[in-house]
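Each ligand, and each atom within it, is numbered from 1 in the order the structure gives.
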Amino acid sequence: MDKARDIREKQRAEWGSVAPGWQRNREKMIGPTSIITEKMLSLARVRGGHRVLDLACGVGDPAFTVAGLVGPEGYVLGLDLSQDMVEAAQELSSREGAGNAEFRIIASELDLGVPGESFDVATCRLGLMFMPDPVGALRELRAALKPGGRVVASVWGAPERNPNFSLPMEIISRHTDLPPQGVDAPGLFAIPTPEGLGALLREAGFVDVEASAFETPVVKAKNAESYWQGVSSVAGPLVSILASLSEEQRRAVREEVVEIIDGEFPEGPVEIYGEAVVAVGSKPL
Ligand SMILES: C[S@@+](CC[C@H](N)C(=O)[O-])C[C@H]1O[C@@H](n2cnc3c(N)ncnc32)[C@H](O)[C@@H]1O
């Protein structure tokens, strides 16, 4: 098996296993992450009537927000590797009657199965860093965009600025011999700077690229215990590592995370901020 295929397989399994957690926690996650969505959609200047392609759509955020913005004359197509994520988005779409939103499974970020030059905007929220070929994915998005169309992508910043994910990972590495998640392989922190994300967009042929980092709420929970419940059921990479631990290691990790978070937010609620990175670029005319 080639390496890229292995990575996609691993991503598909990791995100598939947390799709039910994403469905259950969707409302709780929309609040904190809406700042990232607003920034992305305003940079991409999404408006009524636009056709938008959302890569790594998960259970449908930001695609459903986009569907509201583009209105009945517009259209949004969400694509993702994970069948479970896509089915959750489809189910939500039919429940909410979002007639202008569609969701499809793809086998790879390098084969989007969409006609060329047919979208006004392409979005990818918190997905690019998990892909084995992010530049290839951006090239695919460029091919799908009309000339002058815009791409906007967001990723997480450096681990030390994202304690929501890095704290549990650090504690796991203390209780096991697993290395902490690095920035050198596809994963949460693979594209941790505006310079890095901007360079990927340029390499993929986008122009007028602007990239920046900003602080944003990442998670809100009523107390340390419910913080752990949430993070350990939605953070794909963390969940798969936890699943590989012994019962005893899992309990030790949970207790230590809860104790630290409890110490920081003794009265509750827990509100953890992190750093996101966003970049926008245009397909040349
Ligand atoms: C952190 S979730 C983000 C979901 C959604 N965009 C959001 O912001 O809520 C990451 C998503 O990337 C998808 N993904 C990972 N690797 C991918 C790839 N190579 N191609 C397409 N989607 C991928 C996962 O299946 C998962 O749904």
Enumerate, one pair per line, all nitrogen or oxygen atoms of ligand 1 lying under 3.5 Å from a protein nitrogen or oxygen, stating the separation to 0.1 Å; write 'none' if no such pair exists.
residue, atom, partner, partner atom, Å
ligand 1, 6 (N), Ala56, O, 2.6
ligand 1, 6 (N), Asp61, O, 3.4
ligand 1, 6 (N), Arg125, O, 2.7
ligand 1, 8 (O), Asp61, O, 3.4
ligand 1, 8 (O), Arg125, O, 3.2
ligand 1, 8 (O), Arg125, NE, 2.6
ligand 1, 8 (O), Arg125, NH2, 3.1
ligand 1, 9 (O), Asp61, O, 3.2
ligand 1, 9 (O), Arg125, NH2, 2.9
ligand 1, 19 (N), Glu109, OE1, 3.0
ligand 1, 25 (O), Asp80, OD1, 2.6
ligand 1, 27 (O), Asp80, OD1, 3.4
ligand 1, 27 (O), Asp80, OD2, 2.7

Inset, instruction - Starting from the C-alpha separation in whole Å, work towards a yes-or-no answer on ring-ring contact (aromatic ring centres under 6.0 Å, His included) for Phe103 and Phe64. - result: CA-CA 11 Å; Phe103 298 93; Phe64 287 114; 5.3 Å; yes

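- Between the side chains of Tyr273 and Asn164, no donor-acceptor pair is found at a separation under 3.5 Å.
- By the side chain to side chain donor-acceptor pair (under 3.5 Å) test, Arg24 is found to be paired with no residue, residues two or more places apart in sequence or in another chain being considered.
- The side-chain tip of Lys39 points at the ring of Phe214 from less than 6.0 angstrom away and within 45° of straight on.
- Close placement of the Trp156 and Phe165 rings is indicated, their centers lying within 6.0 Å of each other.
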Inset, instruction - Report the C-alpha separation of Asp61 and Arg26 in whole Å, then their side-chain angles, then the decisive distance to 0.1 Å, and conclude whether the side-chain contact (heavy atoms from CB on, under 4.5 Å) test is met. - result: CA-CA 9 Å; Asp61 297 300; Arg26 184 167 176 264; 3.0 Å; yes

